[in-house]
Amino acid sequence: MAERELMYREALREAIDEEMGLNPSVFIIGEGIAERGGSYKVTEGLLAKYGPKRVRDTPIAEAGMIGVGVGAAIAGARPIVEILYVDFAMLGMDMIVNQAAKFRLMTGGDGRVPFIMRTQGGTGGGVAAQHSQSLEALFYHIPGLRVVMPSTPADAKGLLKYALRQDDPVMFLEHKHLYMTKGMVPDGEHIVEFGKGDIKRVGTDVTVIAWSNMIPRTLEAAEELARQGISVEVIDPRTLVPLDREMIVNSVLKTRRCVIVQEANRRGGVASDIASIVQEECFYEMDAPVEIVAGMDIPVPFNLTLEKASVPQKDDVVAAVRRSLHLDPFAEAAE
Amino acid sequence: MAERELMYREALREAIDEEMGLNPSVFIIGEGIAERGGSYKVTEGLLAKYGPKRVRDTPIAEAGMIGVGVGAAIAGARPIVEILYVDFAMLGMDMIVNQAAKFRLMTGGDGRVPFIMRTQGGTGGGVAAQHSQSLEALFYHIPGLRVVMPSTPADAKGLLKYALRQDDPVMFLEHKHLYMTKGMVPDGEHIVEFGKGDIKRVGTDVTVIAWSNMIPRTLEAAEELARQGISVEVIDPRTLVPLDREMIVNSVLKTRRCVIVQEANRRGGVASDIASIVQEECFYEMDAPVEIVAGMDIPVPFNLTLEKASVPQKDDVVAAVRRSLHLDPFAEAAE
Amino acid sequence: MGAAAQGKNAPSREFLEKIFRTAYKIRVFETEGIKLYRQGLIRGYFHPYLGQEGIATGACAALSEGDYIASTHRGHGHCIAWGADVKKMVAELLQKETGYCKGYGGSMHIADISVGNLGANGIVGAGTPLGVGAALANQVNGSDAVTVTFSTDGASNNGTFLESLNLAAIWNLNFILLVENNGYAVSTRIEESTRDTDLYKRGLAIGVESHQVDGNDPFAVYEVMKQAVETCRAGKGPVLIEAKTYRHMGHHVNDPGKYMPEDELAYYKQRDPVDRARAALKEMADVSDEDIAAIEAEIAAEFADAVEFSKNSPEVTPESFREFAVGY
Amino acid sequence: MGAAAQGKNAPSREFLEKIFRTAYKIRVFETEGIKLYRQGLIRGYFHPYLGQEGIATGACAALSEGDYIASTHRGHGHCIAWGADVKKMVAELLQKETGYCKGYGGSMHIADISVGNLGANGIVGAGTPLGVGAALANQVNGSDAVTVTFSTDGASNNGTFLESLNLAAIWNLNFILLVENNGYAVSTRIEESTRDTDLYKRGLAIGVESHQVDGNDPFAVYEVMKQAVETCRAGKGPVLIEAKTYRHMGHHVNDPGKYMPEDELAYYKQRDPVDRARAALKEMADVSDEDIAAIEAEIAAEFADAVEFSKNSPEVTPESFREFAVGY
Ligand SMILES: Cc1ncc(C[n+]2csc(CCOP(=O)(O)OP(=O)(O)O)c2C)c(N)n1
Ligand SMILES: Cc1ncc(C[n+]2csc(CCOP(=O)(O)OP(=O)(O)O)c2C)c(N)n1
Ligand SMILES: [Mg+2]
Ligand SMILES: [Mg+2]
């Protein structure tokens, strides 16, 4: 199929635009998303095209925005609520955890909540502890939520379109560093189903699992490792919930080694959960423990050098892969 | 040392009472905690003893209560905020995640937040999806928080007293089923430091790690397994953050097998993280993968039969221990 | 009864009977439900609506098919006034598969989205954003349906009150926030929770049309609601209504409510909304004591049938629960 | 200048000079700071307080040692008015170990709890509960210290506003909520965020003494704050003050602010709080242009020194960061 190069943010915009065109009950609200086109320019042009009923600016009221989004979804619309930073989603946690995630069960299965929270996380350029978090683990733990973390423009578009057609609450987590990155996106209707991982690079020696902004970094590491004669398979689950366990397990059964890379801090992160699954499913076939490369267990500092030190870099991934191959036995584990 | 039998709630009350007596900047706020003595009767009698300045009822405003608690702590007091159900703490997540947990780092180390949120979680008697959660994993993931989950009256008292003397924000998570349970509590000053696990039963064949209300259940399972000739070591970390990794790792190195039991649902729970640590530290010495016994990945249903089915029971623990010993090879894993 | 009910356009017998039937049905449901609770047949939380029946009754009478409601932890009354099937309600409380939520929800979570009932809620204050959201969905979809959130005095000190009512206001949504001010949040008196106990003022402060009404008078509630619905359908919503009322007992079935002063309780019992509805039917529509007794017996029988039905209903099996859980 | 400043008790030269020095110091800090930002020396967010200097200046002048303040994302002005060391502020913005937070915090997180500064905040609205908390701590500890939270129009639609101000009210805390209403939240005009732009009414609705004041007049702010502090120390707090003001530029350094109408901006520039403070010093205390120029030069030099100091300061090393992280 034909394809074009798009920026991540353009791909997101295309998804919203196409689905708004198809379904009149899709609408979007957020701070500065209408007239100004949004802080990340994802929603530029949508106000002009779809009008102020379907593209609305809001006051600074995250709990309210998320809450009315959930209510609108329950009542049959398909709201997208843009939250500027995933950190601010903490203000709306009650609505996410206690309402959106619970409603289907509490109604015995009849109620559906096709609510989408689009937001972004991760470190980037000294925005400090309250604007740099990677909080996917909090949503990942709550049954009922879908957790989506696209790493490429094509995935961003395909997953957002899918999100707008399914019926469960979706935490759609973008990354501040990815908005301006470019990639090929198929022309025409392009949809990526939830629960299908993507092998971003085929390899045979070690399986590396990563997502969001850790994918480009991991691919760089894989490139460097290839030069060292090590063949790395890079898996991007794309959706953390549902998780493509099959793809992960099959790859690890093949490589007998597994490294997981996450930007979020180590303790209680999604990487730990995936590690627990891998060791459960592949224990007898593995040649080394699962290695986790993750952020330090500390809030992200403002200082740029420290910020960088607090989250995984390419070299950390390279070192972990080598450790899992029992190379450099006397090198210390990097934090 | 002499000791007496106390109920869990009485032990908590003693801790608060003693520390309020010693330190005039300790105070407590919560819904119905003053005149009525609290929904769990932990604060009974404190209003009469310490007066309305230090024992206050609040409106239903969890975000505000937690927020003013954090502010009071930053300003040098030692507030205890009682939140009726841990589920409701979701309303105050911003203050917990973005303020309390971050302040020390953001001030370069000068700021301290001796804030204590006391609350309770877990299933119990058909209170359904919004009043039955075990949410420790959410706090566990956030660097800067201390997560405390006592299983006995003695631990409850000792840990709460310690919490009131240290300087970091503490999520003090009680269990609705434990308030009326009894246990021996040492007389006099009884303090339990954070980060020190407790071996609730010594054993040699399998290490089982559990906390809060899963401890009594695990001890029953251990009893039954003993009758089957299997010797189980039961470890209660007591504080999940900081975690007594040393005690856990040493035990697993001894038994070569590990089972983790948590009431919270499986996906992204604390058990997964402990499993990831254990496989990392003990991989080459283990005879079986870490087994996790956890709640189902679904909100807790109202119906009591289903409620029970949704969280680990004694038999689930017994089965997991036997699996880790490669007994009953054809039995299916219990959910 | 309210002044409005005595005006020139005297209410029809049909209307008066409907009001009485609804209020009485709630009364029976709660009174009999408490008995089932005490027998151990109902578990978990049960917050009776006794004493507040006038509000749900009057309010729902002013709404139409296609409208939406959202409710509180004290939600049985709203459900019944909205026309719910008592069988399915009782079955839910008895944890049965034939209940509104198949026994997954229980008292605090009964919902029926097929008829616009967004449900009761275990989180105080949560119904407000959910209701505003439904009103927003309707505006986006071009419907003129009105959404009413039944709320409480307790919820009025919660952040959701300000955030969501303000959103409704800037978007002129067809939304009515009906605050049932019963003076207590569990044992905490409203005077301890706020300096100004006239909660409707909080709507005025953000430019929202706001009223105060005697919640124990179903007719007065009906009138102010009718007006609010008109304001909404004219595109001038939202509206806030504060209805003053009182609980006839403790917070939930197991709360003896000792903190409620006897004279206060007596005062409100004399202003019993069900008695008012009965008196109105009797006096204004000349309905005889016998006819009223017949209506009451019919409602009591309906409840007894519902209990019978529920007792004979199956529970969801753990197996089908496990199936439901897959992919949750 | 404000009417109060012209009354019988004409302000002293000392007072007038202090007001001018503070306002001007903020002006220099922001103007020069923006240059450093554009040179790439400051990273992350930088929200200038330009145009709003009158508020922090007037408010802090009414407070005493031992009092507390909490601030916003636009926090430099509050910090300076509270007497912060400009050296440590600049060093913080330059990510240096000699900064208030050793470079861990940056512009949005400067705090100095040793002098009761609870800090700037990256979460809109968060300063309100934190400030109320400090006021609560002081009441528990028997202190009569007053806590002021500088807040914003944007934060007034947030749940924290209602919840925490209400808590302050029922407990009669020594708390002042100073809402700086600059008419915008980034590009969103206040008229789009609420139906009633008189934010002080929200305090009245919950029984809180509330005032509105011209935020561009440091003397008017001082007077109303002095009164508010008295109310508090008399045990009758809290107090809400809405100060109307305007930003002199976009939301942050990189926001061109094209959405701000030229005439609106011109209107407020004519009511520049720094100009007012200068004029007051000149006219009411007969200070010569030369003397004023000398003060200005002194302040400029202080800032230049701070930049020099900061540039020569070291950064925290990753090693000592890793040490700090242990056990976090
Ligand atoms: C957010 C939240 N906090 C606390 C509770 C516990 N709780 C349930 S009902 C109740 C009192 C509610 O009082 P009010 O809101 O006035 O409603 P009423 O019970 O009087 O109908 C409380 C504190 C809850 N369910 N949700
Ligand atoms: C809870 C939260 N939501 C959104 C933001 C992003 N944000 C930062 S400043 C700002 C606008 C603030 O406007 P206002 O509160 O009026 O303060 P002003 O910038 O005008 O001083 C926004 C939306 C934030 N920091 N915190
Ligand atoms: Mg009430
Ligand atoms: Mg503003």
Side-chain angles (χ1 to χ4, degrees), chain B residues 24-29 50-79 81 91-92 94-95 97-115 142-146 168 194-195 241-242, chain D residues 68 70 92 97 99-106 108-114 116-123 125-143 145 147 149 158-168 170-171 173 175 316 321 324-325 327-328:
Chain B
S25 76
V26 174
F27 69 95
I28 180 160
I29 68 174
Y50 297 104
K53 278 244 158 79
R54 296 178 65 197
V55 183
R56 299 181 193 227
D57 284 333
T58 67
I60 304 167
E62 281 76 7
M65 293 154 67
I66 293 172
V68 304
V70 174
I74 288 174
R78 293 197 166 270
V81 176
L91 288 150
D94 171 61
M95 281 290 148
V97 171
N98 290 324
Q99 308 297 336
K102 302 285 186 284
F103 195 69
R104 177 144 66 96
L105 172 116
M106 291 191 312
T107 54
D110 291 340
R112 290 283 193 240
V113 189
F115 160 74
I142 302 298
L145 303 177
R146 303 289 170 256
D168 286 304
F194 288 0
V241 183
Chain D
Y68 284 76
E92 185 58 31
E97 191 165 11
Y100 267 111
C101 314
K102 305 200 176 83
Y104 282 101
M108 284 193 294
H109 305 298
I110 297 179
D112 184 3
I113 197 66
S114 72
N117 180 352
L118 303 166
N121 214 301
I123 305 294
T128 313
L130 297 182
V132 172
L136 175 58
N138 282 317
Q139 191 185 68
V140 168
N141 288 334
S143 153
T147 303
T149 288
N158 199 283
T160 51
F161 175 94
L162 172 61
E163 292 196 16
S164 14
L165 191 59
N166 187 57
L167 288 172
I170 57 171
W171 293 333
L173 299 182
F175 176 72
V316 167
F321 168 51
F324 182 36
Y328 200 93

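What's counted below: heavy atoms across the whole structure, side chains too, no hydrogens, waters or symmetry copies. The structure presented is a predicted model; accordingly, all values stated were derived computationally and were not measured.
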Counting only non-hydrogen atoms closer than 4.5 Å, does [X] touch chain D with its backbone (N, CA, C, O), its side chain (CB onward), both, or neither?
{"X": "Pro242(B)", "result": "neither"}
{"X": "Ile29(B)", "result": "side chain"}
{"X": "Ala101(B)", "result": "backbone"}

Quick one: [atom1] on [X] to [atom2] on [Y], what's the gap to the nearest 0.5 Å?
{"X": "Leu136(D)", "Y": "Met65(B)", "atom1": "CG", "atom2": "CE", "answer": "11.5 Å"}
{"X": "Tyr104(D)", "Y": "Lys102(B)", "atom1": "OH", "atom2": "NZ", "answer": "15.0 Å"}
{"X": "Phe324(D)", "Y": "Leu105(B)", "atom1": "CZ", "atom2": "CG", "answer": "5.0 Å"}
{"X": "Arg54(B)", "Y": "Asn141(D)", "atom1": "CZ", "atom2": "CG", "answer": "9.0 Å"}
{"X": "Thr107(B)", "Y": "Ile113(D)", "atom1": "OG1", "atom2": "CD1", "answer": "9.0 Å"}

Between chain D and each of [options], count heavy-atom pairs under 4.5 Å; write down the option with the most.
{"options": "Ala61(B), Ala77(B), Pro79(B)", "answer": "Ala61(B)"}
{"options": "Arg56(B), Arg112(B), Lys53(B)", "answer": "Arg56(B)"}
{"options": "Asp110(B), Asp94(B), Leu145(B)", "answer": "Asp94(B)"}

Would you mind checking which part of [X] comes under 4.5 Å of any heavy atom in chain B, side chain (CB onward), backbone (N, CA, C, O), both or neither?
{"X": "Tyr328(D)", "result": "both"}
{"X": "Asp112(D)", "result": "neither"}
{"X": "Ala111(D)", "result": "side chain"}
{"X": "Leu118(D)", "result": "both"}

Exercise. Could you walk me through whether Met95(B) and Leu130(D) pass the side-chain contact (heavy atoms from CB on, under 4.5 Å) check?
Worked result: CA-CA 9 Å; Met95(B) 281 290 148; Leu130(D) 297 182; 4.0 Å; yes
Exercise. Do you know which of Leu167(D), Asn166(D), Ile170(D) has the most heavy-atom pairs with chain B at a distance under 4.5 angstrom?
Worked result: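 The candidate making the most pairs under 4.5 Å is Leu167(D).
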Exercise. How close do Gln99(B) and Ala126(D) get, heavy atom to heavy atom, and via which atoms?
Worked result: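 Nearest pair, atom of Gln99(B) first, then Ala126(D): NE2-CB, 3.1 Å.
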Problem set entry | Heavy-atom closest contact (Glu62(B) atom, Glu163(D) atom, distance) |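 Answer, listing the atom of Glu62(B) first, then Glu163(D): N-OE1, 4.0 Å.
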